[in-house]
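Read through the structure below, which is laid out as structure tokens, and then see the notes.
Predicted, not measured: the structure shown is a model, and the values here were computed from it.
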Amino acid sequence: MNVFERPAWRSRAVPVVLVVVAVVIMAMCTVGAEGPAARVIPVLIGGGAITAAVWAVRRWRADRTEYERRLTEWAATEAVLAERLRIARDLHDLVSHGLGLITVRVAATRFEPEPDQMRAALDDIEAASRETTAELRRMLTVLRDPAAPGPRAPVEGLEALPEIVRSARATGLRVDLTSGGLGEVTPGVQVAVCRTVREGLANAARHAGPADVGVRVRRDGPYVVVSVSDSGPVSGWRATPGAGHGLAGLRERVGSLGGTLTTERVDGGFHLVARIPDEPT
């Protein structure tokens with residue numbers, strides 16, 4: 001939904017044009033009349049009509065120019081708002097994922113009392129912190145200096161799925177990834193697939209703990225279908241919910257591509273499915 005209403009086309013010349021038409025019709029009605037008035041009135045009416053017509057044309061052009069200016073400003077404002085929403089969504093994905101991994105990894109150490117496991121957990125936390133900090137610094141640099149080199153947002157392809165799964169396994173999730181037979185997938189859909197898997201695994205880690213999670217990426221005709229299903233919270237796990245914007249942002253991202261996102265509880269677990277249309281040319 002647009003925040004600002006699209007400018008409407010209006011011109012003050014329209015009423016004048018209607019008056020001119022009415023006057024011309026009146027002048028035509030005097031054709032055939034006799035007397036001095038019959039000779040003078042048509043001339044006056046014709047002169048007034050021509051003057052009004054010239055004014056109406058100039059007014060029409062001025063109103064059209066003003067309308068195009070307002071329309072350009074409106075389009076620029078909408079573009080800025082859309083870019084702000086995109087940046088907010090990307091920052092949310094970045095911060096939520098990075099901090100979510102750290103939070104869940106810290107919580108999972110309660111289930112790993114051995115010193116070696118504790119050191120591995122600290123290594124994972126340090127790596128996640130460094131990666132998140134570096135990505136935040138890169139994005140903030142781009143925001144401060146639009147001419148800075150490098151991509152404006154983290155761009156992921158299907159080749160990133162194994163690394164996403166590896167990061168999730170570091171939190172204690174037992175992830176089974178199945179993908180194949182996808183054929184050619186457009187870049188925008190690849191990003192949406194990765195964001196769907198990332199958000200699904202982050203939700204599972206926060207709400208279910210070190211549980212079993214199945215990730216499936218497949219093609220169903222003109223659709224790429226992504227599903228993330230967990231087995232439900234493990235015994236003794238205390239959920240650490242996020243801000244609640246992740247699924248809303250993911251639904252918006254999938255919807256912008258013409259797809260659908262559905263979520264439901266199945267046998268105590270959480271089931272997330274995204275269907276994204278994709279027909280590469």
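Side-chain atoms of Asp230 never come within 3.5 Å of backbone atoms of Val213 as a donor-acceptor pair (strictly under, hydrogens ignored). With hydrogens and angles ignored, the 3.5 Å screen pairs no side-chain donor or acceptor of Arg219 with any backbone N or O of Val185. The backbone N or O of Asp176 lies less than 3.5 Å from a partner atom in the side chain of Arg216, making a donor-acceptor pair.
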Item to complete: For Val273 and Val225, run side-chain contact (heavy atoms from CB on, under 4.5 Å): C-alpha distance rounded to whole Å, both residues' side-chain angles, the deciding distance at 0.1 Å, then the answer.
Response: CA-CA 7 Å; Val273 179; Val225 182; 4.0 Å; yes
Fill in: Criterion side-chain contact (heavy atoms from CB on, under 4.5 Å) on His271 and Ser227, from CA distance to verdict
CA-CA 7 Å; His271 189 51; Ser227 64; 4.1 Å; yes
Worksheet item: Please walk me through it: do Asp220 and Arg275 pass side-chain contact (heavy atoms from CB on, under 4.5 Å)?
Response: CA-CA 9 Å; Asp220 182 13; Arg275 289 178 60 85; 3.2 Å; yes
Item to complete: Apply side-chain contact (heavy atoms from CB on, under 4.5 Å) to Arg166 and Val175, showing your working.
Response: CA-CA 9 Å; Arg166 188 203 66 78; Val175 185; over 6 Å; no
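More than 12 heavy atoms of other shown residues, nucleotides or ligands fall within 6.0 angstrom of atom CZ in Arg69. Atom CG of Asp267 has 12 or fewer neighbouring heavy atoms from other residues, nucleotides or ligands inside a 6.0 Å radius. Counted within 6.0 Å of CZ on Arg174, heavy atoms from surrounding residues, nucleotides or ligands total more than 12; the atom is thus considered enclosed.
Residues Arg265 and Phe270 are in side-chain contact: their nearest non-hydrogen atoms beyond the backbone lie under 4.5 Å apart. No side-chain heavy atom of Tyr223 sits less than 4.5 Å from a side-chain heavy atom of Ile276. Looking only at side-chain heavy atoms (C-beta outward), Leu182 and Val217 come within less than 4.5 Å of each other.
For the atom pair Arg251 CZ and Ser256 OG, the distance stands at 13.0 Å (nearest 0.5 Å). In this structure, OG1 on Thr178 lies 11.5 Å from CG on Leu161, to the nearest 0.5 angstrom. Atom OG1 of Thr196 sits about 10.0 Å away from atom CD1 of Ile164, to the nearest 0.5 Å. Residue Asn203 holds its CG atom at 4.5 Å from CD of Glu199, rounded to the nearest 0.5 Å. Atom CG of Leu272 sits about 6.5 Å away from atom CG of Leu250, to the nearest 0.5 Å.
A search for salt bridge (charged side-chain N to carboxylate O under 4.0 Å, His left out) contacts involving Arg169 returns nothing, not counting sequence neighbours.
A pairwise comparison of heavy atoms in Ala160 and Cys194 identifies CB-SG, 4.4 Å as the closest pair. Across every non-hydrogen atom of Pro233 and Gly268, the tightest pair is CD-O, 3.8 Å. Scanning all heavy atoms of the two residues, the minimum distance from Val228 to Gly200 falls at CG1-C, 3.8 Å. Of all the heavy atoms in Gly209 and Leu173, the pair that sits closest is O-CD2, 3.0 Å. The minimum heavy-atom distance between Leu261 and Ala274, with the atom names listed, is CD1-CB, 3.8 Å. Closest approach of Leu158 to Gln190, counting heavy atoms only: N-OE1, 3.0 Å.
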